Amino acid sequence: MTTAIAANPAEATDVLLAWRREFPILEHTTYMISHSLGPMPRRAKAALAEFTDTWATRGIRAWEEGWWEMPLTCGDLIGSIIGAPKGRVAMHQNVSICQNIVTSCFGWSGARNKLVTDGLNFPSNDYIYHGLKRQGARIVPVPSDDGMTIPLERILHAIDDETQLVSISHVAFRSSYLQDLAAITQRAHEVGAYVIADLYQSAGIVPLDVSALGVDFATGGSVKWLLGGPGAGYLYVRPELDAKLEPAATGWAAHAHPFEFANGAIEYAPDMHRFLNGTPNVPAMYSARSGYEIVNEIGVSVIRAKSQRQTQLLITLADAAGLSVHSPRDPEQRGGTIILSVPDAQGRAIVAELGRRQILVDFRPGAGIRIAPHFYTSDDEIAHTIDALSEILKTMR
Ligand SMILES: Cc1ncc(COP(=O)(O)O)c(C=O)c1O
C-alpha cells in the first residue's frame with residue numbers, strides 16, 4: 001500500500017518536474033542520492049563529445065584556445081552559484097587537494113598554530129589537518145553531542161588569538177545540519193584567523209554568497225548537488241588574499257610566467273592563478289560543466305524552496321511511519337538531505353534492498369540512511385521511498 005499524499009497544489013504547479021527529461025536515469029530509477037552522485041544530465045554526453053572533438057581536430061592548439069584557462073573559466077560557472085566574483089574560483093581535482101593547497105599557505109610552528117575544525121567535518125579534511133601536526137599545528141575539533149548539530153557558541157568559543165584557520169562544513173554530510181558561516185567568519189576575523197568553508201553539501205541546494213559571508217576560502221566538488229562528473233573540485237579564495245598568501249603546494253601553472261619555464265623558486269602569479277598547480281583535469285571539467293549550467297539556469301533559491309518543501313514532506317512521512325529523523329527539523333537549519341536513523345548493523349543491507357527496488361539512497365555509520373530529493377524529484381517518489389524503507393525495516397525486525 002502506498003502512503004497517501006494529500007493533494008498537493010505545490011506539486012501540481014511544479015514546473016521543475018519538466019527537468020526530469022534531462023536526466024535519463026530518472027526514467028527507471030528513484031534517484032534520491034544527489035548528496036553523493038547526482039544523475040548525469042543529457043548535456044554532459046554532448047559536452048564530453050565536444051572534448052574529444054576538440055582534441056581530435058585542434059590537437060595541441062586546444063590549450064591556447066581554451067583548455068589552459070579552463071580551471072578559471074569553468075570555475076566562473078561555479079562562482080555564479082556561490083557568489084564569487086569572476087576569476088576567483090579555480091578548478092582542482094577534488095576537495096582534498098584544495099584543503100592541502102589552503103593549509104600549505106600557512107606556517108604552523110609559531111604561536112598562532114591552532115586549527116579549529118567542526119566535529120561534523122568530512123573525514124578527509126580531518127586527515128589532512130592531523131598531518132599538519134608534524135609541522136607544529138594544534139588541531140582543535142569542536143565536538144557534536146548528538147552527532148547531528150554543534151552549538152554555535154561552542155565553535156565561537158574555540159576560536160581565539162592562537163587560531164590560524166577555522167574549518168567549517170557548511171552543511172554536515174552526516175546530518176544535513178546547516179552551520180552559521182557568517183557568525184563564525186565574523187568571530188574568526190575578529191581574532192585574525194582565516195576561515196575555510198567546505199561547501200560540498202551546500203552549493204547548488206542552499207543559496208550562499210561567499211563574498212557576503214566574507215569567508216577566506218571555500219571548496220567543494222561537482223558530483224553532488226551540482227550534477228557534474230567526478231574529478232572536478234573547486235577552490236575559492238578571497239581576492240584580498242592574493243597579495244599575502246603563497247601556497248607551498250604549488251606547480252608551474254601557478255607561476256606568473258609559466259611558459260618561461262624558469263627553474264628555481266616560483267614567482268607566483270599575482271591573481272587566482274597562484275592557487276593552481278599542474279596540468280588541469282580537462283575532461284573532468286567538460287563532464288561537470290553541464291550540471292553547473294543547469295543549476296544556474298534554474299537558480300538556487302528556486303531549488304531551495306522546493307527542497308525545503310520536500311524535505312519537510314520527507315520528515316512528515318517518516319514521522320507517520322515511526323522512523324527516527326537524524327536531521328534538524330527547522331528548515332533554516334538543514335540542507336537538502338534527510339537522514340533517517342537505522343541500526344548500523346542493518347544500514348548497508350537496507351540500502352542494498354532499496355537498490356534492488358531501483359531506489360537509490362546511501363548509508364553512513366552512526367548517522368543512518370541518507371535520502372536526498374533534488375529539483376527533479378516528485379512527491380510520489382518521496383512517498384514511494386518511505387513506504388519501501390518502512391516495509392523493509394518491518395521484515396528485518
Ligand atoms: C562535505 C564533504 N566534503 C568533502 C568530501 C570529499 O571531497 P573530495 O572527494 O573531493 O576530496 C565530501 C564527499 O564525498 C563531502 O561530503
Side-chain angles (χ1 to χ4, degrees), residues 19-29 31-82 84 89-99 101 122 124 198-205 218-236 253 272 275-298 300 303 336 360 362 372 374-376:
W19 281 97
R20 293 178 69 82
R21 287 192 293 274
E22 177 61 21
F23 301 94
I25 201 169
L26 302 184
E27 284 165 22
H28 46 75
T29 304
Y31 207 87
M32 308 295 271
I33 194 162
S34 286
H35 53 249
S36 185
L37 177 68
M40 190 203 78
R42 283 183 201 280
R43 294 180 199 182
K45 202 169 177 181
L48 280 165
E50 189 189 324
F51 164 68
T52 48
D53 288 348
T54 306
W55 185 14
T57 57
R58 303 306 297 156
I60 194 160
R61 289 167 295 194
W63 284 119
E64 61 190 36
E65 290 170 359
W67 284 5
W68 185 256
E69 277 304 316
M70 236 178 138
L72 296 197
T73 54
C74 183
D76 282 342
L77 292 171
I78 293 178
S80 56
I81 295 171
I82 65 170
V89 176
M91 302 303 294
H92 285 284
Q93 189 182 336
N94 54 46
V95 169
S96 308
I97 284 179
C98 296
Q99 293 278 349
I101 294 169
F122 193 76
S124 191
D198 183 335
L199 306 180
Y200 216 151
Q201 292 293 354
S202 60
I205 189 79
T219 179
S222 301
V223 293
K224 306 182 194 296
W225 307 102
L226 295 179
L227 312 163
Y234 61 87
L235 173 65
Y236 158 81
M272 189 66 201
F275 298 99
L276 296 177
N277 40 54
T279 305
N281 190 353
V282 174
M285 291 185 274
Y286 274 93
S287 83
R289 226 176 42 188
S290 313
Y292 317 150
E293 287 166 5
I294 292 169
V295 170
N296 271 307
E297 275 170 49
I298 300 173
V300 182
I303 294 174
L360 299 186
D362 64 9
H374 206 350
F375 58 85
Y376 46 73

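As the structure is a computational prediction, the values presented were derived from the model and not from experiment.
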Heavy-atom side-chain contact between His92 and Leu276 under 4.5 Å
yes

Could you check whether any side-chain heavy atom of Val89 comes within less than 4.5 Å of a side-chain heavy atom of Asp76, counting everything from C-beta outward?
no

Taken to the nearest 0.5 Å, the spacing of Tyr200 OH from His35 NE2 works out to 12.0 Å

Does Ala232 offer a backbone N or O that forms a donor-acceptor pair with the side chain of Ser222 under 3.5 Å?
yes

For residues Ala372 and Ser34, report the shortest heavy-atom separation together with the two atoms involved.
CB-N, 4.0 Å

Distance-minimising heavy-atom pair for Gln201 and Lys224
NE2-CD, 3.4 Å

What distance do Gln99 atom CD and Thr219 atom OG1 have between them, rounded to the nearest 0.5 Å?
6.0 Å

How far does CZ of Phe122 sit from OG of Ser96, to the nearest 0.5 angstrom?
7.5 Å

When every non-hydrogen atom of Ile101 is compared with those of Phe275, the smallest separation belongs to CD1-O, 3.8 Å

Does the side chain of Leu199 reach to within under 4.5 Å of the side chain of Trp225, using non-hydrogen atoms?
no

Mind checking side chain to side chain contact (heavy atoms under 4.5 Å, CB included) for Ile81 and listing every partner two or more places apart, or none if nothing turns up?
Leu226, Tyr292, Val295, Asn296, Val300

Min side-chain heavy-atom separation Pro280-Trp63 under 4.5 Å
yes

What is the minimum heavy-atom distance between Ala284 and Gly231, and which atoms define it?
CB-O, 3.3 Å

Beyond-backbone contact of Leu77 with Tyr234, side-chain heavy atoms, under 4.5 angstrom:
no

Would you name the heavy atoms of Ile25 and Pro39 that are closest together and state the gap between them?
CG2-CB, 3.7 Å

Mind listing the closest non-hydrogen atom pair of Ala62 and Thr54 along with its distance?
CB-CG2, 3.9 Å

Please determine whether the number of non-hydrogen atoms from other residues, nucleotides or ligands lying under 6.0 Å from atom CZ of Arg42 exceeds 12.
yes

Hey, could you give me the CE/OG distance between Met40 and Ser287, rounded to the nearest 0.5 Å?
10.0 Å

Please name all residues satisfying ring-ring contact (aromatic ring centres under 6.0 Å, His included) with Phe51, sequence neighbours left out, ordered by chain then number.
Trp55, Trp67, Tyr286

So NE2 of His374 and CG of Leu227: to nearest 0.5 Å the spacing works out to 4.5 Å

Relative to each other, are the rings of Phe23 and Tyr376 parallel, tilted or perpendicular (30° and 60° limits)?
tilted

Interatomic distance, CZ@Arg289 vs CE@Met91, rounded to 0.5 Å, equals 11.0 Å

